[in-house]
Amino acid sequence: MDKLRIRGGVPLEGEVYVSGAKNAALPIMCAALLTAEPLALGNVPQLMDVRTMAKLLRQMGVEASPLADGRMTLRAARITDPTAPYDLVKTMRASVLVLGALLARGGRARVSLPGGCAIGLRPVDQHVKGLQAMGAAITIEHGYMNAAARSPERGLHGARIVMDMVTVTGTENLLMAATLAEGTTLIENAAREPEVVDLARCLVAMGARIEGAGSDVIRVQGVRSLRGAEHTVMRDRIETGTYLAAAAATGGRIRLHGAAPETLDATLEKLREAGARIRINGSTVELEGGGRPRAVSVRTAPYPGFATDMQAQFMALAAIAQGSAVITETIFENRFMHALELQRLGADIAIQGNSAVVRGVERLQGASVMATDLRASAGLVVAGLVADGETIVERIYHLDRGYEALERKLSGLGARVARVG
Ligand code: EPZ
């Protein structure tokens, strides 16, 4: 199984281009299920999860062109089998995003429950609750959600849905379902993430009537059908934040092109607090590390708060910072697995409930560490780039799920990284 070998201690220097966003591309690919016409996508990242989603859609009868130069065309002229099987869903929870679109388009769906996850329980009760409010009958049998609209002809109907908590894919699933529902749907306490806004932009290009995306109340006026469209997927704010944190941790100086700095406020603010100098020029973000970073405490929250997907990278930054930081995780119950691995590199971290107290140390020492999930592995890479000697990050298939061409991009910034078998 592939590992990443990192010889640390080199300040990152140079330029890198930001890829398309995984967490926007996945729901947008599912939007293709809502129309019989082609959906032509641009800036789709070359990632394991994108390949898994394409495979899932093909199994349903969707024509999916190969991904080339970030371009892919999807066409769901006919949905031959509205099923998302366990063997795919277990590898990628985002597969649940087909549920709302399948129900809205064809009136029925059979989607495996995602099951447990390394970072938390992650139930889908809010997805189910919202679709039931829109008239879907959903039963759970043998690990599958069997869902059916009132009737294929009548389909779903509009509803007022108040989410019990902010859920990103929950909001996206209901948003897609509501586009073809009869009447008006209100999604309250909706997720405000930029990826939700990007999905809404694509749906509007397909003819959907949506207001309020990006706010906590989204209003959708259902239409009878949607058409094909062209859409360019937004830039990946978490990939951007990861490179910036790595540059700050190594005391480097990098320039990121094609970024979306307006989606990164909380992250940029914390990097400045850590002592980094940041210049923004349109879609270019330049960061210059200011020597040893200052310790900054973070508390994760739904957008526009500090992203939970940046938490591990900031724990690695805090591990070598001047002073102590408190990292509080409020979104997922079990998202500190990387802390134990960082301790293997010599980090001083004490976990207390959903907070980690990180006392910065002068130096980390390279060692073998185990990736447990996508962002945890990004945190270990940041630490490995700083540590003395060699760090071996195992199970990097987690990284391949969400970071396009990571070794090539890091090597381009002067890092000494290599994938080893
Ligand atoms: C999305 O996951 C992202 N994934 C995650 O990124 C990200 O960490 C998360 O949002 C939070 O920002 C994609 O967009 C594909 P949630 P999602 O539903 O939608 C609870 C990455 O690294 N909840 O917003 O699955 C849930 O357990 C991934 O790229 C319910 O209780 O997250 C969690 O505690 C990891 N019931 C909280 O809400 C529900 O029905 C927020 O989860 C739904 C969610």
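Values below: all heavy atoms of this structure, side chains included; hydrogens, waters and symmetry mates excluded. Whatever order the structure lists them in is the order used to number ligands and atoms, beginning at 1.
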Q: Find the distance between CZ (R237) and CG (L244) and round it off to the nearest 0.5 Å.
A: 13.5 Å
Closest approach of any protein heavy atom to [atom], naming residue and atom:
{"atom": "atom 24 (O) of ligand 1", "result": "V168 N, 2.8 Å"}
{"atom": "atom 5 (C) of ligand 1", "result": "D309 OD2, 3.8 Å"}
{"atom": "atom 3 (C) of ligand 1", "result": "N23 ND2, 3.7 Å"}
{"atom": "atom 36 (N) of ligand 1", "result": "D125 OD1, 2.7 Å"}
{"atom": "atom 19 (O) of ligand 1", "result": "T169 OG1, 2.6 Å"}
{"atom": "atom 9 (C) of ligand 1", "result": "F332 CZ, 3.9 Å"}

**Q.** Shortest non-hydrogen contact from T80 toward G61
**A.**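 The pair with the smallest heavy-atom distance is OG1-CA, 3.4 Å.
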Note: [X]-[Y] ion pair, threshold 4.0 Å (strictly below):
{"X": "E195", "Y": "K22", "answer": "no"}
{"X": "D81", "Y": "R58", "answer": "no"}
{"X": "K270", "Y": "E273", "answer": "yes"}
{"X": "E15", "Y": "R255", "answer": "yes"}

For [X], the ligand 1 atoms whose distance to one of its heavy atoms is below 4.0 Å:
{"X": "K22", "value": "21 (C), 29 (O)"}
{"X": "R335", "value": "8 (O), 22 (O), 35 (C)"}
{"X": "H127", "value": "40 (O)"}
{"X": "P123", "value": "27 (O), 30 (C), 31 (O), 36 (N), 39 (C), 40 (O), 43 (C), 44 (C)"}
{"X": "V166", "value": "24 (O), 41 (C)"}
{"X": "T308", "value": "8 (O), 11 (C), 12 (O)"}
{"X": "Q126", "value": "36 (N), 39 (C), 40 (O)"}

Nearest neighbour of [atom] from the list [options], on a heavy-atom basis:
{"atom": "atom 22 (O) of ligand 1", "options": "M92, M310, R375, M163", "answer": "R375"}
{"atom": "atom 38 (O) of ligand 1", "options": "M53, K129, M165", "answer": "M165"}
{"atom": "atom 18 (O) of ligand 1", "options": "N173, V128, I331, T167", "answer": "T167"}

**Q.** E404-Q46 side chain donor-acceptor pair, cut-off 3.5 Å
**A.** no
Q | R122, any N or O under 3.5 Å of ligand 1 N or O | A | yes
**Q.** Partner of R335 under side chain to side chain donor-acceptor pair (under 3.5 Å), chosen from T300, T372, D309
**A.** D309
Q. Should the pair R110 and Y144 be classed as cation-pi, given the thresholds of under 6.0 Å to the six-membered ring centre and 45° from the axis?
A. yes
Q.
One residue to check: L374. Relative to ligand 1, which of side chain, backbone, both or neither has a non-hydrogen atom less than 4.0 Å away?
A.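 L374 to ligand 1: side-chain contact only, backbone stays beyond 4.0 Å.
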Side-chain donor/acceptor pairs under 3.5 Å, residues 98-105, sequence neighbours excluded:
| residue | atom | partner | partner atom | Å |
| --- | --- | --- | --- | --- |
| R105 | NH1 | L33 | O | 2.8 |
| R105 | NH1 | T35 | O | 3.2 |
| R105 | NH1 | A76 | O | 3.0 |
| R105 | NH2 | A76 | O | 2.9 |
| R105 | NH2 | A77 | O | 3.2 |

Q. Please walk me through it: do N173 and H127 pass side chain to side chain donor-acceptor pair (under 3.5 Å)?
A. CA-CA 7 Å; N173 235 333; H127 303 233; 3.1 Å; yes
